[in-house]
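These notes concern the structure reproduced below.
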Amino acid sequence: MDNRAIAVFDSGLGGLTAVKELRKILPGEDIVFFGDTARVPYGTRSRETILQYARQDIRFLLKQDVKFLLAACGTISSTYPTHEAARLPVPYTGVVSCACRAAAKATRNGKIGVIGTSATIRSGSYPAALRDMDPRYQITSVACPLFVPLVENGFFGDHNQVSELVIAQYLEPVKAAGVDTLILGCTHYPLLAPMIARFMGPQVTLIDVGRETADAVKLALADLDLLAQPGREGKATYFVSDTTESFAANADIFLGEYAGGRVIQIAIDTY
Ligand code: DGL
């Protein structure tokens with residue numbers, strides 16, 4: 001048993017989609033969230049810059065006395081090296097392997113689509129993890145660099161004409177490939193899920209990386225005997241690198257019904 005917090009971090013607010021799932025399935029856990037709102041997006045940057053940012057994010061979070069690190073960001077998860085993660089003083093997980101396990105379970109025809117930021121798709125992380133599970137998978141990967149700015153600017157919901165056009169443009173080759181499973185490989189994308197689902201059709205299962213990872217975190221904590229004391233009420237603390245006002249204005253979009261907790265601004269480039 002361990003009442004220390006779970007650390008969840010992202011380049012911006014997309015990782016809150018994972019926090020929302022964690023709050024639902026592990027209400028007794030404290031959560032420390034860091035969103036690098038001053039430096040988002042990471043997905044258009046070089047590997048070196050993303051690595052430097054991820055290392056600073058992790059150094060900051062380790063100072064918060066946390067028991068587990070969750071990179072709730074497809075871009076960080078695809079870039080941060082496994083050998084470096086293995087040397088961290090607390091267990092670490094990203095979103096890639098959890099999402100791929102869920103996709104492997106869901107697919108019936110072995111044709112799997114992956115969408116993510118430019119850095120995520122360039123890294124080849126999702127196809128590599130999927131092919132490790134079964135080399136026969138036919139994988140279609142497409143970078144969707146406009147999705148994050150669309151979400152950050154509120155172009156989501158059930159219907160948005162601009163987003164629907166962009167979705168159709170990016171996803172046409174994925175649909176044409178006949179995939180029956182599509183990994184939304186970025187934690188911003190669940191906000192576009194209703195429109196993506198409509199474009200892809202009811203025969204395609206969408207994999208939400210935030211949800212899948214929250215389930216995996218729960219299992220890992222139980223395995224490592226790190227779950228918090230039963231019956232306690234968990235609290236959330238949010239750290240951001242841009243102003244707390246911009247967090248307050250946008251956080252509820254990602255968190256849904258839950259937007260409690262303290263919000264604190266930090267200078268991430270000093271870590
Ligand atoms: N939430 C990030 C991810 O999951 C995308 C945002 C960004 O480009 O920084 O990849």
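Remember, it's 1-based here, ligands and their atoms both numbered in the order they're listed. Source: prediction; values computed, not measured.
Remark: R108 pairs with no residue by the side-chain hydrogen bond (donor to acceptor under 3.5 Å, both in side chains) rule, at least two apart or across chains. Here N160 pairs with F155, V162, S163, M195 under the side-chain contact (heavy atoms from CB on, under 4.5 Å) rule; sequence neighbours left out.
Taking a cutoff of 4.0 Å between a charged side-chain nitrogen and a carboxylate oxygen, E172 and K175 do not qualify as a salt bridge.
Protein residues with a heavy atom under 4.0 Å from ligand 1 are D10, S11, V40, P41, Y42, G43, C73, G74, T75, T117, V148, C186, T187, H188.
The two residues F68 and A220 come nearest to each other via the heavy atoms CE1-CB, 4.0 Å.
With hydrogens and angles left out, the side-chain atoms of D36 and S11 include no donor and acceptor closer than 3.5 Å.
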List the atom pairs, with distances to 0.1 Å, where a side-chain N or O of residues 54-61 and a protein N or O form a donor-acceptor pair under 3.5 Å, not counting sequence neighbours.
from	atom 1	to	atom 2	distance (Å)
R55	NE	E84	OE2	2.7
R55	NH2	E84	OE1	2.9
Q56	OE1	R39	NH1	2.8
Q56	OE1	R39	NH2	3.1
Q56	NE2	Y271	O	3.2
D57	OD1	Y42	OH	3.4
D57	OD2	Y42	OH	2.9

